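This one's a predicted model, so the numbers in the text were calculated from it and none came from an experiment.
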Amino acid sequence: METFTPIKNPVAPAGKSVTYSVRSAKFGDGYTARAPLGINNKEITANYVWAQLTGEEADSIEAFFDARKGSEAFYYTPPGEIVATKFICTDFQRTRYTGLLDRITASFVKVNDL
């Protein structure tokens, strides 16, 4: 499995979104029973922003994401963390915000498989 090592660290602090998968059953008396759906029912999505990238740097990051097509997992160690985490990149946006520099914003979803 590949490791994502961008030439620069992301500039913006990662925003994190957490979604829990829960199964629920409603009963006629208004009572609802809930239980986690599986042992890894917590989905974590983190958003990263790389700014002031040259075209070559942005091409490198984009090529890494394109090669995995949103389904192949990779390791990445977010800034400030010591241990690499397994992610997939579900989507990214590349924008030009000055004449020569690009920005990439990417959504990483933590992978819980083996």
May I ask you to check whether over 12 heavy atoms, not counting those of Y20, lie within 6.0 Å of atom OH?
-> no

Using the side-chain contact (heavy atoms from CB on, under 4.5 Å) rule, take E2 and R68 through it: C-alpha gap first, then chi angles, then the decisive distance, then the call.
-> CA-CA 10 Å; E2 295 287 325; R68 274 132 206 93; 2.8 Å; yes

Over all atoms of both residues, closest heavy-atom pair of D102 and G55 | OD2-CA, 4.4 Å

Who are the side-chain contact (heavy atoms from CB on, under 4.5 Å) partners of N40, not counting sequence neighbours?
-> N112

Can you check whether P79 reaches N9 side chain to side chain, under 4.5 Å on heavy atoms?
-> yes

Transitive ILVMFWY side-chain link V111 to F108, under 4.5 Å = no

Taking E57 for the side chain and T54 for the main chain, is one N or O donor matched with an acceptor at less than 3.5 Å?
-> yes

List the steps, then state whether side-chain contact (heavy atoms from CB on, under 4.5 Å) holds for V49 with R103.
-> CA-CA 7 Å; V49 177; R103 172 190 308 253; 3.7 Å; yes

With the side chain counted from C-beta on, respond yes when Q52 and V11 share a heavy-atom pair under 4.5 Å apart, and no when they do not.
-> no

Compare all side-chain heavy atoms of L53 with those of I61 and state whether any distance is below 4.5 angstrom.
-> yes

C89 side chain reached by F4 side chain, heavy atoms, under 4.5 Å | no

Hits for side-chain contact (heavy atoms from CB on, under 4.5 Å) against L37, two or more places apart or cross-chain, chain-then-number order -> S21, R23

E56 atom CD, neighbour heavy-atom count above 12 within 6.0 Å = no

What is the minimum heavy-atom distance between N41 and P36, and which atoms define it?
-> ND2-CB, 3.5 Å

Evaluate the criterion side-chain contact (heavy atoms from CB on, under 4.5 Å) for residue pair V18 and E43; output intermediate values, then yes/no.
-> CA-CA 6 Å; V18 176; E43 182 178 283; over 6 Å; no

For K8, does its backbone N or O pair with a side-chain atom of W50 as donor and acceptor, under 3.5 Å?
-> yes

With the 4.5 Å side-chain cut-off for hydrophobic clustering, are V83 and M1 part of the same group?
-> no

Is F27 linked to V22 within one hydrophobic cluster, defined over Ile, Leu, Val, Met, Phe, Trp and Tyr using a side-chain heavy-atom separation of less than 4.5 Å?
-> no

Side chain proximity check, T45 to K16, heavy atoms < 4.5 angstrom = no

In terms of hydrophobic clustering (I, L, V, M, F, W, Y; side-chain heavy atoms under 4.5 Å; direct or indirect links), are V109 and Y75 co-clustered?
-> no

Could you pull out the closest heavy-atom pair between F65 and I104, with the gap in Å?
-> CE1-CG2, 4.3 Å

Is the side chain of Y76 donor-acceptor paired with the backbone N or O of P6 at a distance under 3.5 Å, no angle test?
-> no

Rounded to the nearest 0.5 Å, what separation is found between the CD atom of E62 and the CD atom of Q93?
-> 11.5 Å

Inter-residue atom distance I44.CD1 - F87.CZ, 0.5 Å rounding | 8.0 Å

Cation over ring face, R94 and F92, 6.0 Å, 45° = no

